[in-house]
2 protein chains.
Amino acid sequence: MSNENIYNPHVSVDCVVFGFDGERLKVLLIERNITEQNELYNDKKLPGSIILQDENLDEAASRVLNELTGLKNIYLSQFRSFGGPDRTKNPRDILWLENTMQLKIGRIVTVAYVALIKIDRKIQVKYENTQANWYDLNEMASMNLAFDHAEIIKKGLDHIRHQLDVEPHLLFELLPKKFTISQLRILNDVVHQTRSDVRNFQKKVAQMSYLVMLDEVEDGVPHRAARLYKYKK
Amino acid sequence: MSNENIYNPHVSVDCVVFGFDGERLKVLLIERNITEQNELYNDKKLPGSIILQDENLDEAASRVLNELTGLKNIYLSQFRSFGGPDRTKNPRDILWLENTMQLKIGRIVTVAYVALIKIDRKIQVKYENTQANWYDLNEMASMNLAFDHAEIIKKGLDHIRHQLDVEPHLLFELLPKKFTISQLRILNDVVHQTRSDVRNFQKKVAQMSYLVMLDEVEDGVPHRAARLYKYKK
DNA sequence: TTTTATTATTGTTTAAAATACAATAAGATG
DNA sequence: CATCTTATTGTATTTTAAACAATAATAAAA
C-alpha cells in the first residue's frame with residue numbers, strides 16, 4: 001500500500017516508561033478500544049508504533065512516545081528486541097494494526113526502550129480516542145495487554161533494575177525535583193527489592209556529595225515534616 | 001524477488017563471538033571477498049545474515065552462526081539492535097548483499113548477539129569462499145569491517161564486561177576445561193581492565209566452591225608447572 | 001496548655017570484605 | 001649443582017556493610 005513509502009512496517013519501537021508514585025513503580029500505558037463483531041473491547045498497550053523509513057531507532061522511539069503521550073526530551077534507552085513470528089498473530093491485534101496504520105501488516109520485529117520519568121509530568125495525548133495512564137506494576141498479571149507487551153514490560157523492569165545497580169544516579173529521574181530522604185529510601189528499596197535500615201541509609205546518603213540539602217521541609221503531612229533535598233550532579 | 005517468501009530481508013542477526021587465547025580477548029570474524037570494478041577487495045564481517053520469515057530471533061542467530069562457522073549449541077544472548085537507515089548505504093556492502101542473498105536489499109535492522117566460547121572449538125565453514133578466523137580486539141581500529149560491525153563489536157564488548165560483572169560464572173565459558181589459577185586471573189583482569197594482586201586473587205578463588213582442584217598440573221612449560229582446576233557449578 | 005501520636009533524625013559496635021605488601025617452594029634448564 | 005622462572009602462601013590494615021534504639025520535632029486531640 002502507498003504508506004510503504006513512508007513507513008517501514010516490518011520494524012516497530014515500544015517504550016516502557018516507568019514512574020514512581022511514592023510507594024510503587026508504575027508504567028505508562030495507552031488505552032486501546034477495539035470493536036470486534038460489534039462488541040467493544042478494551043485493553044492496554046505500550047506507547048509504540050512502526051518506524052518511518054528514514055528514521056533511526058532512537059529517533060523513532062522519541063517521536064512515537066511524543067505522539068502518543070506528549071512527552072518530550074525523554075532519555076530513552078534501548079534494552080531489547082522482540083521478534084517471534086507469532087507476536088503479531090492475535091486477530092484482535094492484527095485488526096487493530098490494520099485499522100490504525102492503514103497498512104497490511106505481516107511480522108513485526110519491535111525494538112523496546114525504557115525510560116524513567118517523574119510521575120507528575122504532564123501527559124497530553126494528541127489524537128482523539130487515545131488515552132494514556134499510569135498503571136501499577138503489581139497489577140500487570142490481571143491486565144489485558146496487547147501483543148507480547150506483558151513480556152516486554154517484565155524484561156524492561158529487569159533491565160532498569162540492573163541499570164540502576166550500575167548507574168544509581170538514574171534513580172533521581174523518578175523522584176520529584178525536591179524530595180525527602182525517606183522518599184529516596186523507599187524508591188531505592190522498591191527498585192532493589194530490599195528493606196534497608198533507616199540509619200544505615202542515612203549514612204550512605206551523607207556521603208553523596210551530589211545531594212543538596214535545601215532550606216525547606218515537606219508540606220501537608222500530619223506530623224513532623226521532613227527536610228527536602230535536591231539532586232545536583 | 002522470489003526469495004522474499006522465505007527470507008525476511010528487513011531484519012538480520014549478527015553474532016559477536018568472543019574467545020580468549022591466554023592473553024587477550026579475540027573475536028570471530030568472517031572473511032569477505034568482493035570484486036569491485038575488477039579489483040579484489042578483502043575485508044571482514046561478523047557472522048550474521050537476514051532472518052527467515054518463519055523463525056524467531058534467537059533461532060536465527062543460532063542457525064546463522066552454525067551456517068557460517070559450524071558452531072553448534074552456543075549460548076547466544078541478544079544485547080542490542082542497530083537500525084540506522086544509513087547502515088546499509090555503503091555501495092560495497094550493497095553489492096555484496098545483493099550478490100550473496102539474491103535479493104534486493106533496502107534498510108536492514110540487525111539484532112546483535114554475543115557469545116563466549118572456548119577458543120579451541122573447531123571452526124568449520126560450510127560454504128566455499130568463506131573463512132572464519134579469530135582476531136585480536138586490540139587490532140579492530142586498523143581493520144576493515146563491513147557495515148557498522150566495528151560499532152557492534154564495541155557495544156558487544158561493553159555488554160559482556162557488564163554481564164561478567166553480574167554473572168562471573170560466565171568467565172569459565174572462555175577458559176579451557178582444565179585451567180590454571182593464573183589463566184583465570186589473567187582473563188579476569190583482561191575483562192575487568194584491572195591488575196589484580198596474585199595473593200588476594202588466590203584468596204578469592206579459595207572461596208569459590210565451584211572450583212575443583214584436579215590431581216594434574218599443566219604441561220609443556222619451561223618452569224614449575226601450575227596446578228590445574230576445573231569449573232563445576 | 002498538655003497529652004498523645006506519628007514520623008524524623010542521629011551513633012556505636014561488630015562483622016565482613018577489600019587492599020597492600022614479599023618471602024619461600026617447586027620444578028626446568030644448563 | 002647453580003640458576004632461572006613461575007607457583008604458592010599469610011598477615012596487618014583499611015574500608016565497607018550490617019545490626020541495633022533512643023530522642024527530637026511537629027501535628028492533632030484532649
Side-chain angles (χ1 to χ4, degrees), chain A residues 20-24 161 164-169 171 175-231, chain B residues 20-24 161 164-169 171 175-231:
Chain A
F20 176 64
D21 70 354
E23 294 186 6
R24 296 170 178 290
R161 288 194 155 131
L164 286 168
D165 278 339
V166 179
E167 299 182 62
H169 286 215
L171 266 189
L175 288 173
K177 288 225 173 94
K178 301 173 180 182
F179 51 86
T180 67
I181 301 296
S182 272
Q183 287 176 303
L184 177 58
R185 180 172 48 78
I186 291 167
L187 171 57
N188 193 66
D189 280 350
V190 166
V191 166
H192 293 95
Q193 299 180 284
T194 52
R195 274 166 178 270
S196 60
D197 177 85
V198 182
R199 276 172 291 183
N200 291 337
F201 189 80
Q202 205 76 231
K203 243 180 295 178
K204 234 182 250 170
V205 154
Q207 295 176 172
M208 299 178 179
S209 55
Y210 47 86
L211 220 53
V212 180
M213 184 192 280
L214 299 174
D215 213 22
E216 280 177 81
V217 293
E218 61 181 339
D219 197 33
V221 285
H223 53 77
R224 176 178 177 186
R227 184 156 232 123
L228 290 171
Y229 289 75
K230 71 174 182 181
Y231 170 73
Chain B
F20 175 64
D21 70 354
E23 294 185 7
R24 294 170 179 288
R161 288 195 156 131
L164 286 168
D165 277 340
V166 178
E167 299 183 62
H169 286 215
L171 266 188
L175 288 173
K177 287 224 174 96
K178 301 173 180 182
F179 51 85
T180 67
I181 301 296
S182 272
Q183 287 175 304
L184 177 58
R185 180 172 48 78
I186 291 166
L187 170 58
N188 192 65
D189 279 350
V190 166
V191 166
H192 293 95
Q193 299 180 284
T194 51
R195 274 165 180 273
S196 60
D197 177 85
V198 182
R199 276 171 292 185
N200 291 337
F201 190 79
Q202 206 75 231
K203 243 179 298 178
K204 232 182 250 172
V205 155
Q207 296 176 170
M208 298 177 180
S209 56
Y210 48 87
L211 219 52
V212 180
M213 184 193 279
L214 300 175
D215 213 22
E216 279 179 83
V217 294
E218 62 180 337
D219 198 33
V221 284
H223 54 77
R224 175 180 177 185
R227 185 158 230 120
L228 290 170
Y229 290 75
K230 70 173 182 182
Y231 169 73

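What's counted below: heavy atoms across the whole structure, side chains too, no hydrogens, waters or symmetry copies.
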Can you find a pair of side-chain heavy atoms, one from B:L228 and one from B:T180, that are under 4.5 Å apart?
->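 Yes, at least one pair of side-chain atoms sits under 4.5 Å.
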Parallel, tilted or perpendicular, as decided by the 30° and 60° cut-offs, for the rings of B:Y210 and B:Y231 =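 B:Y231 vs B:Y210 ring planes: perpendicular.
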Specify the residue among A:P222 and B:Q202 whose closest nucleotide of DNA chain D lies further upstream toward the 5′ end.
->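 It is B:Q202 whose nearest nucleotide is closer to the 5' end.
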For [X] and [N], give me the distance from atom [atom1] to atom [atom2], rounded to whole Å.
{"X": "B:M208", "N": "C:dA17", "atom1": "CE", "atom2": "P", "answer": "13 Å"}
{"X": "B:N200", "N": "C:dA20", "atom1": "CG", "atom2": "P", "answer": "8 Å"}
{"X": "B:D197", "N": "D:dT9", "atom1": "CG", "atom2": "C1'", "answer": "12 Å"}
{"X": "B:R227", "N": "D:dT8", "atom1": "CZ", "atom2": "P", "answer": "8 Å"}
{"X": "A:R195", "N": "D:dA19", "atom1": "CZ", "atom2": "C1'", "answer": "16 Å"}
{"X": "B:L228", "N": "D:dT6", "atom1": "CG", "atom2": "C1'", "answer": "15 Å"}
{"X": "B:R199", "N": "D:dT9", "atom1": "CZ", "atom2": "C1'", "answer": "8 Å"}
{"X": "B:K204", "N": "C:dA20", "atom1": "NZ", "atom2": "P", "answer": "12 Å"}

Touch check for A:T180, heavy atoms < 4.0 angstrom, all strands: base, sugar-phosphate only, or nothing?
->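 No contact.
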With sugar-phosphate meaning primed atoms plus P, OP1 and OP2, does A:V198 contact a base, only sugar-phosphate, or nothing at under 4.0 Å between heavy atoms?
->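 Counting heavy atoms under 4.0 Å across all strands, the contact made by A:V198 includes a base.
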Under 3.5 Å donor-acceptor, B:R227 side chain and B:L214 backbone |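 Yes, the answer is positive, given that a donor and an acceptor are paired below the 3.5 Å cut-off.
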With the side chain of B:R224 defined as its heavy atoms from C-beta on, choose the nearest nucleotide among C:dT6, D:dA7, D:dT9.
->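 From the listed options, D:dA7 comes nearest.
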Between D:dT9, C:dA8, C:dG11, which nucleotide has the shortest distance from any of its atoms to the side chain of A:K203?
->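 Given the options D:dT9, C:dA8, C:dG11, the side chain of A:K203 is closest to C:dG11.
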Applying side chain to side chain contact (heavy atoms under 4.5 Å, CB included), run through A:F201 and A:I186 and close with a yes or a no.
-> CA-CA 10 Å; A:F201 189 80; A:I186 291 167; over 6 Å; no
